[in-house]
Amino acid sequence: MLKRKIEKEVRDIVNALWENEIKDFDFKGFKVEIPDERFGEFSTNIAMLLARPLKIKPLEIAKKIVHNLNEKDDLFENIEIAGPGFINFSLKKDVYIESLKNILRLKKEYGRKKPLGKKVQLEFVSANPTGPLTVGHGRQAIIGDVLSKVFKEEGYEVTTEYYFNDAGRQMDLLAQSLWVRYNQFFEKNLDIPEDGYHGDYLKELAKGLASKFKRDYVGKWNEEIKEIFKEMAKDSMFKIIKSTLRRLGVQFDVYFNEKSLLEDGTVDEVINLLKSKNLVYEKDGALWFKVSEFVDEDDKVLIRSNGIPTYFMTDIAYHYNKFKRKFDRVYDIWGADHHGHIPRMKAAMKALGIPDDFFNVILHQFVTLKKEGKEVKMSTRKGEFVTLDELIDSVGVDATRYFFAMIDPNTHMIFDMDLAVSKSNENPVYYVQYAYARIKSLFRKAVEKGITYKEEENLEFLCTIPQEKLLIRDLDLFDEILEDTLRDLAPNKLTNYAEKLVAKFHNYYTDNIILDIENKELSNARLNLCKGMEIILSRVFDILGISKPEKM
RNA sequence: GCGCCCGUAGCUCAAUAGGAGAGAGCAUCGGAUUUCUAAUCCGAGGGUUGGGGGUUCGAGUCCCUCCGGGCGCGCCA
């Protein structure tokens with residue numbers, strides 16, 4: 001990593017120059033950055049940071065550092081001081097060529113870290129099987145899927161998990177709603193309960209049941225029949241959900257049923273633990289957890305007066321279960337509507353003696369759909385929503401995935417479907433993929449033109465123009481982008497990177513002839529650079545889960 | 001009322017854990033293919049980063065305050 005190399009050089013010089021004066025200086029805020037192109041290839045802010053502790057003007061400090069760095073003539077081509085005290089660097093072409101060589105050798109391993117021996121779990125989507133996945137679930141699925149892949153790249157052992165509840169009131173309502181639809185099929189005039197599920201998807205299912213059961217359950221409703229309809233509903237809903245996820249290329253290692261926490265005694269175990277620590281009490285016939293002992297929030301009910309545990313209760317048990325499964329950290333991906341749940345959960349974790357950094361939440365803001373210029377108000381119950389499947393039908397898997405990945409999870413996202421459908425060719429995903437297709441095409445064309453690709457040969461012909469240096473510099477950056485993505489838990493770092501990288505490539509392609517029969521050495525050198533680009537793009541696309549088109 | 005998130009070009013979004021004239025795409029206008037894919041490239045217009053204070057050598061980014069929007073504040077999940 002080139003940045004690291006420069007960072008080390010600068011740090012060593014600074015330490016050598018002012019060893020005694022900067023004992024307390026922690027280098028916090030010290031950075032080697034990619035500056036605006038007019039300032040060179042790399043830049044650092046060290047001189048400004050040292051001004052205060054050293055009580056010397058930044059420009060003086062910079063001068064001194066530069067003077068000493070200049071001795072390092074195997075790395076730096078040029079060093080300049082500019083503005084308030086920035087030190088700007090450009091590197092020797094050999095440094096870049098070595099960097100490209102490294103990428104060419106490592107190929108798909110480039111940027112992949114050695115196993116850390118750390119286990120993390122990402123839990124997301126976790127929709128109960130009451131209907132098809134919505135666009136909001138899609139956003140969550142993609143954020144989770146991409147981040148889980150980045151965790152793997154960074155050396156973590158990753159488990160992806162889908163948590164669901166197929167008991168409870170929601171499922172009862174679903175069963176009843178389905179039964180009504182079934183009855184309606186035989187023109188039995190019944191209405192779906194107001195808080196039931198009104199979506200058309202139950203009609204489809206009811207049709208199937210009608211031909212299977214004939215009139216057996218028409219007008220008849222009891223516990224037994226409810227269970228039958230519930231099972232039917234659950235199975236077919238999961239079938240739909242899983243097929244949507246499969247389409248999107250999102251896979252879960254574990255589907256975890258909330259019910260198991262009651263069955264295997266985890267819930268009881270947690271209650272007993274809390275009781276033993278004197279952190280629960282009874283009031284109004286219910287069992288309460290002393291949330292207020294830990295955070296500035298009201299106490300919450302764990303067991304309702306009717307004896308049924310609350311969602312909060314089972315969620316604590318679930319996370320206790322996760323902890324017992326020896327994950328070092330877990331990440332829950334939640335919609336913004338659940339943010340109020342976070343302090344309570346943190347309190348519970350603390351109460352159970354689970355380390356602070358174990359439980360983490362990645363919150364994402366809502367997705368608003370715009371269709372025919374109007375906002376679509378979405379409600380699962382009323383069946384007023386555009387399903388994730390419908391979205392995929394409209395814009396395709398690549399665009400769906402890319403679009404969700406490209407926006408900061410913390411930003412409200414407005415998805416204009418009309419634009420996505422009618423202008424699908426202008427979607428950024430095509431811009432990025434086109435670069436890949438162009439490279440593929442170049443290698444096909446090279447064969448036609450009789451230019452034989454020889455890897456790692458003729459590289460000395462590269463980097464005679466600034467564009468090539470900058471391209472390699474940016475390829476070299478991939479490693480760090482992965483780290484940044486994980487640090488910020490923001491998949492959009494990757495799409496940003498891809499777009500900037502590809503923009504440079506499109507420019508390079510336009511300005512230069514890659515395949516020149518008159519100059520086969522240069523052509524081969526440039527093909528090597530293209531190969532490096534292909535390797536990095538391939539890495540990025542695999543993580544984003546978008547396809548790698550040979551031609552477009 | 002209290003809490004969390006957000007407010008950046010006409011629209012959708014970026015902006016490298018505070019860094020140097022705030023950038024893309026779409027939309028508008030004007031250019032570039034006898035040569036490797038024009039799903040590309042080049043150029044123009046478009047901004048007091050919601051307003052106002054503060055911290056800092058430096059603020060879209062941090063702090064305070066006001067305005068506007070989203071979401072929470074259940075013995076729902």
Side-chain angles (χ1 to χ4, degrees), chain A residues 3 28-29 31 33-36 38-39 43-45 47-49 51-52 57-58 82-86 88 126 128 165 168-170 258 283-288 296-298 300-306 308-312 314-315 335-343 363-366 368 370 403 406-408 410-416 419 423-431 433-435 437-446 448-449 451 477 480-481 484 487-488 492-493 495-497 499-500 502-503 505-507 509-516 523 526 530 549 551-552:
Chain A
K3 254 190 182 180
K28 192 170 182 263
K31 278 190 293 188
E33 300 181 286
I34 305 299
D36 188 295
R38 74 205 130 105
F39 295 126
S43 117
T44 183
N45 60 350
M48 274 106 74
L49 295 177
R52 188 178 287 244
K57 286 182 181 161
F86 288 102
N88 299 323
S126 296
N128 289 336
N165 176 15
R169 204 175 106 80
Q170 304 300 334
E258 181 185 323
K283 195 180 86 179
D284 305 329
L287 190 71
W288 297 69
D296 188 21
E297 296 271 327
D298 293 338
K300 300 291 293 181
V301 169
L302 294 179
I303 310 288
R304 290 184 272 242
S305 51
N306 63 7
I308 297 172
T310 58
Y311 158 82
F312 181 43
T314 46
D315 214 22
D337 54 338
H338 284 68
H339 77 262
H341 191 53
I342 298 172
L363 222 53
H364 69 88
Q365 300 301 316
F366 281 14
T368 308
K370 243 164 97 180
F403 210 97
M406 74 186 280
I407 285 158
D408 185 329
N410 226 0
T411 302
H412 291 258
M413 176 176 178
I414 296 173
F415 203 119
D416 189 332
L419 193 73
K423 306 278 183 190
S424 61
N425 273 4
E426 271 114 39
N427 193 301
V429 71
Y430 294 96
Y431 180 74
Q433 285 176 323
Y434 187 53
R438 268 187 156 172
I439 292 167
K440 285 297 188 182
S441 166
L442 280 170
F443 279 94
R444 287 192 298 267
K445 202 75 184 181
E448 276 176 41
K449 287 193 174 189
I451 297 170
L477 225 51
E480 184 185 325
I481 298 297
D484 291 350
R487 183 197 62 213
D488 297 339
N492 59 308
K493 299 270 172 199
T495 55
N496 273 201
Y497 169 69
E499 280 166 46
K500 279 185 186 159
V502 158
F505 178 76
H506 283 313
N507 267 295
Y509 181 95
T510 306
D511 294 348
N512 302 283
I513 306 286
I514 312 290
L515 303 173
D516 182 1
S523 297
R526 289 184 166 167
C530 290
K551 52 180 79 167
M552 287 173 78

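Atom set for the values below is all heavy atoms of this structure, side chains included, hydrogens, waters and symmetry mates excluded. Residue numbers begin at 1 in each chain, while the letters A, B, ... track the order of the sequences.
- Here the side chain of A/Ile34 is nearest to one of B/rA77, B/rA15, B/rU16, namely B/rU16.
- Contact annotation: the side chain of A/His341 approaches that of A/Asp315 to within less than 4.5 Å [non-hydrogen atoms, C-beta and beyond].
- In this structure, B/rC26 forms a base pair with B/rG10, meeting either the Watson-Crick or the G-U wobble geometry with both donor-acceptor distances under 3.5 Å.
- One interatomic measurement links the two molecules: NZ of A/Lys28 to C1' of B/rU56, which rounds to 14 Å at whole-angstrom precision.
- Checking the phosphate oxygens (OP1, OP2) of B/rC57, a side-chain nitrogen or oxygen of A/Arg52 falls inside 4.0 Å.
- Residue A/Met48 places its side chain closer to B/rC57 than to any other of B/rG21, B/rC57, B/rA77.
- The aromatic ring centres of A/Phe403 and A/Phe415 sit less than 6.0 Å apart.
- Distance noted for atom C1' between B/rA20 and B/rA59: 13 Å (whole Å).
- Base pairing of B/rG1 is made with B/rC73, judged by Watson-Crick or G-U wobble geometry with both donor-acceptor distances under 3.5 Å.
- Residue A/Glu480 places its side chain closer to B/rU16 than to any other of B/rU40, B/rA77, B/rU16.
- In this structure, the side chain of A/Asn45 engages the main chain of A/Gly29 through a donor-acceptor pair within 3.5 Å.
- Distances from the side chain of A/Tyr430 to the nucleotides B/rC13, B/rA39, B/rC5 place B/rA39 closest.
- We find that OH of A/Tyr431 is positioned 16 Å from C1' of B/rC13, with the value rounded to whole Å.
- Among the nucleotides B/rG19, B/rA20, B/rA77, the one closest to the side chain of A/Leu49 is B/rG19.
- Comparing A/Thr411 and A/Ile514 along RNA chain B, the residue whose closest nucleotide (by nearest heavy atom) sits nearer the 5' end is A/Thr411.
- An OP1 or OP2 oxygen of B/rC36 is reached within less than 4.0 angstrom by no side-chain nitrogen or oxygen of A/Arg526.
- A cation-pi arrangement, defined by a distance under 6.0 Å to the six-membered ring centre and an angle within 45 degrees of its axis, is absent between A/Arg438 and A/Phe505.
- Annotation for A/Arg52: atom CZ does not count as buried by contact number, only 12 or fewer foreign heavy atoms lying within 6.0 Å.
- Per the geometry, NE2 belonging to A/His506 stands 10 Å off P belonging to B/rA38, to the nearest Å.
- As judged by a 4.0 angstrom heavy-atom cut-off over every strand, A/Pro35 is placed among the base-contacting residues.
- Scanning atom types as modelled, one donor and one acceptor separated by under 3.5 angstrom connect the side chain of A/Ser305 and the base of B/rC75.
- Residue A/Asp337 places its side chain closer to B/rG72 than to any other of B/rG72, B/rC36, B/rU12.
- Residue A/Phe39 is in base contact, counting any heavy-atom pair closer than 4.0 Å across all strands shown.
- As judged by a 4.0 angstrom heavy-atom cut-off over every strand, A/Ala435 is placed among residues making no nucleic acid contact.
- Closest to the side chain of A/Leu442, from the set B/rG19, B/rC6, B/rC36, is B/rC36.
- Taking a pair to require two hydrogen-bonding distances under 3.5 Å in either a Watson-Crick or a G-U wobble arrangement, B/rG19 pairs with B/rC57.
- B/rG25 sits 15 Å from B/rU8 when the C1' atoms are compared, rounded to a whole Å.
- Looking at A/Ser43, its side chain comes within 3.5 Å of the base of B/rA20 through a donor and an acceptor atom.
- In this structure, A/Asp511 reaches neither bases nor backbone, as no heavy-atom distance under 4.0 Å exists between it and the strands shown.
- For the atom pair A/Lys300 NZ and A/Phe312 CZ, the distance stands at 7.5 Å (nearest 0.5 Å).
- Sparse packing is recorded around CG of A/Asp298, with 12 or fewer heavy atoms of other residues, nucleotides or ligands lying under 6.0 Å away.
- What separates NE2 of A/His339 from C1' of B/rG72 is a distance of 4 Å, to the nearest Å.
- Residue A/Lys493 is classed as a sugar-phosphate contact, given heavy-atom separations below 4.0 Å to backbone atoms only.
- Nucleotides of RNA chain B nearest to A/Ala286 and A/Glu33 differ in position, and the one nearer the 5' end is that of A/Glu33.
- Of the listed nucleotides (B/rC71, B/rG19, B/rC13), B/rG19 has the atom at the smallest distance from the side chain of A/Pro84.
- Contact annotation for A/Asn45: base contact, defined as any heavy-atom pair under 4.0 Å involving a base atom.
- Note on A/Lys551: a base of the nucleic acid sits closer than 4.0 angstrom, heavy atoms only.
- Atom CE of A/Met552 and atom C1' of B/rA38 are 13 Å apart (whole Å).
- Which of B/rU16, B/rC36, B/rA14 sits closest to the side chain of A/Asp408 comes down to B/rA14.
- Applying the 90° criterion around 0 to the glycosidic angle, B/rU12 comes out anti.
- Remark: P of B/rA22 and CG of A/Asp36 are 10 Å apart, rounded to the nearest angstrom.
- Rounded to an integer number of Å, the gap from CZ of A/Phe415 to P of B/rC13 is 11 Å.
- Proximity of A/Asn507 to the phosphate of B/rC41: no side-chain N or O atom is located under 4.0 Å from OP1 or OP2.
- No donor-acceptor distance shorter than 3.5 angstrom exists from the side chain of A/Asp516 to the backbone of A/Ser523, with no hydrogens or angles considered.
- Nearest nucleotide to the side chain of A/Tyr311, out of B/rA77, B/rG70, B/rC13: B/rA77.
- Atom OH in A/Tyr509 sits roughly 9 Å away from atom C1' in B/rU40 (whole-Å rounding).
- The phosphate of B/rG19 (OP1 or OP2) has a side-chain N or O of A/Lys31 nearer than 4.0 angstrom.
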